[in-house]
Number of protein chains: 2
Amino acid sequence: MNSTPHITEAESEVMKLLWQKEPLTAVEIISQLKDRMDWSDQTIKTFLNRLHKKQAIRFEKSGRNYLYYPLVTYDEYVKAANRSFLDRMYNGAVGMLFAKFLEEEKLSEGEIEQLQQLLEQKKRDGS
Amino acid sequence: MNSTPHITEAESEVMKLLWQKEPLTAVEIISQLKDRMDWSDQTIKTFLNRLHKKQAIRFEKSGRNYLYYPLVTYDEYVKAANRSFLDRMYNGAVGMLFAKFLEEEKLSEGEIEQLQQLLEQKKRDGS
DNA sequence: TTTTATTGTTTACAACCGTAAACTTAGACT
DNA sequence: AGTCTAAGTTTACGGTTGTAAACAATAAAA
């Protein structure tokens with residue numbers, strides 16, 4: 001019903017951890033992000049809080065530690081971000097997007113072949 | 001040298017006009033955007049001003065009217081936006097991006113074939 | 001049970017963005 | 001030349017985001 005809440009870039013760093021392994025305790029989240037992102041623990045706590053407020057995560061306390069779970073899935077997140085980008089930049093025209101990226105980015109032989117297979121399959125499945 | 005300045009979404013509406021036709025007078029820009037975007041002229045003036053400050057456009061006055069020119073090209077803009085999106089969302093892995101979009105979006109037979117041709121060509125050109 | 005440490009909540013603050021009113025200036029018209 | 005007016009400039013203001021300090025609550029240790 002309600003579309004996935006907007007997750008900012010900084011917040012997404014927290015989500016990425018939870019998408020990898022769920023649940024995680026606050027300690028785990030903070031310790032993993034603290035060095036990698038050079039954030040103070042207060043900062044990370046803010047993100048946890050905001051994510052909770054916007055219902056992107058939930059937590060339950062089991063005795064002494066709190067366990068965090070994602071409520072928004074990685075797929076929902078990527079999908080929403082993709083859609084939004086596609087609309088903003090290409091007016092929804094996927095073909096355009098592909099063309100532009102192909103023009104700009106280099107692909108390895110392997111990647112190209114993989115994409116060709118995907119396209120073949122897509123054609124077979126119709127749509 | 002210096003990377004293209006960051007152009008926000010609202011600002012990009014102004015740029016789009018200038019990328020279509022250059023130069024444009026303030027009157028033209030304002031009148032075209034006013035209805036389409038439901039913005040007051042003051043709002044549009046703000047965008048012109050901000051774009052000018054960040055050197056995304058320039059203007060010269062010929063008599064009583066000001067003529068606006070883009071300084072950032074459409075290609076630079078798209079390229080920067082693409083790069084940034086690719087890095088943020090896919091850690092720079094184009095293959096991933098393509099796969100995700102293919103998975104989510106429907107393509108017409110025609111579009112698929114067009115992409116296949118692009119890939120073929122890409123393969124021939126190497127990289 | 002009182003203290004302490006941990007972990008969640010409130011408050012803060014500057015930069016950025018969308019939105020726009022107020023101000024200023026320099027030609028156009030009378 | 002004086003006034004009007006169009007077009008650029010300054011200021012404003014609420015919401016979001018990155019960043020974090022201050023505060024509160026609660027379980028663990030003494």
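Lettering follows sequence order; numbering is per chain, from 1.
For the pair A:His52 NE2 and C:dG8 C1', the interatomic distance rounds to 10 Å; values are reported in whole Å. In this structure, B:His6 atom NE2 and D:dT16 atom C1' are separated by 14 Å, rounded to whole Å. Rounding to whole angstrom units, CZ of residue B:Phe59 and C1' of C:dA26 are separated by 13 Å. If you take CG of B:Asn65 and P of D:dA7, they are 7 Å apart, rounded to a whole angstrom. Atoms CD (B:Glu13) and P (C:dG18) sit 10 Å apart, rounded to a whole Å. At whole-Å resolution of the value, CZ in A:Arg58 and C1' in C:dG8 are 17 Å apart. Summarising the geometry, the separation between CG on A:Leu51 and P on C:dT9 is reported as 13 Å, rounded to the nearest angstrom.
Both A:Val78 and B:Phe101 are part of a single hydrophobic cluster, where members link through side-chain heavy atoms under 4.5 Å apart. In the hydrophobic clustering of ILVMFWY residues, with side-chain heavy atoms under 4.5 Å counting as a link, B:Ile29 and B:Met37 come out together.
The backbone N or O of B:Asp75 lies less than 3.5 Å from no partner atom in the side chain of B:Trp19, so there is not a single donor-acceptor pair. In this structure, the side chain of A:Lys122 does not engage the main chain of B:Ile112 through any donor-acceptor pair within 3.5 Å.
Annotation: proximity of residues 80-89 of chain A to DNA chain C (heavy atom, distance under 4.0 Å) is found for no residue. For the contact set between residues 28-50 of chain B and DNA chain C, defined by any heavy atom under 4.0 Å, the members are B:Trp39, B:Ser40, B:Gln42, B:Thr43, B:Thr46, B:Phe47, B:Arg50.
Each of A:Lys61 and A:Lys54 has a nearest nucleotide on DNA chain D; the 5'-most of these lies closest to A:Lys54.
Relative to the side chain of A:Ala26, the nucleotides D:dT26, D:dA7, C:dT7 differ in distance, and C:dT7 lies closest. Checking D:dT17, D:dT10, C:dT7 against the side-chain heavy atoms of A:Thr8 singles out D:dT17 as nearest.
Taking B:Glu11 as the reference, B:Lys54 meet the salt bridge (Lys or Arg N to Asp or Glu O under 4.0 Å) condition, with sequence neighbours excluded.
Salt bridge annotation for B:Lys79-B:Glu76: absent, with no cationic side-chain nitrogen under 4.0 angstrom from a carboxylate oxygen.
Heavy atoms of A:Glu9 sit under 4.0 angstrom from primed sugar atoms or phosphate atoms, though from no base atom.
Contact annotation: A:Tyr68 reaches the phosphate of C:dG8 (side-chain N/O to OP1 or OP2, under 4.0 Å).
Atoms CG and CG, from A:Leu33 and A:Leu17 in turn, are 4.5 Å apart once rounded to the nearest 0.5 Å. To the nearest 0.5 angstrom, B:Arg50 atom CZ is 12.5 Å from B:Ile57 atom CD1.
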### Task
Could you give me the CA-CA distance, side-chain angles and deciding distance for B:Asn82 and A:Leu97, then say whether side chain to side chain contact (heavy atoms under 4.5 Å, CB included) is met?
CA-CA 9 Å; B:Asn82 282 356; A:Leu97 179 145; 6.0 Å; no

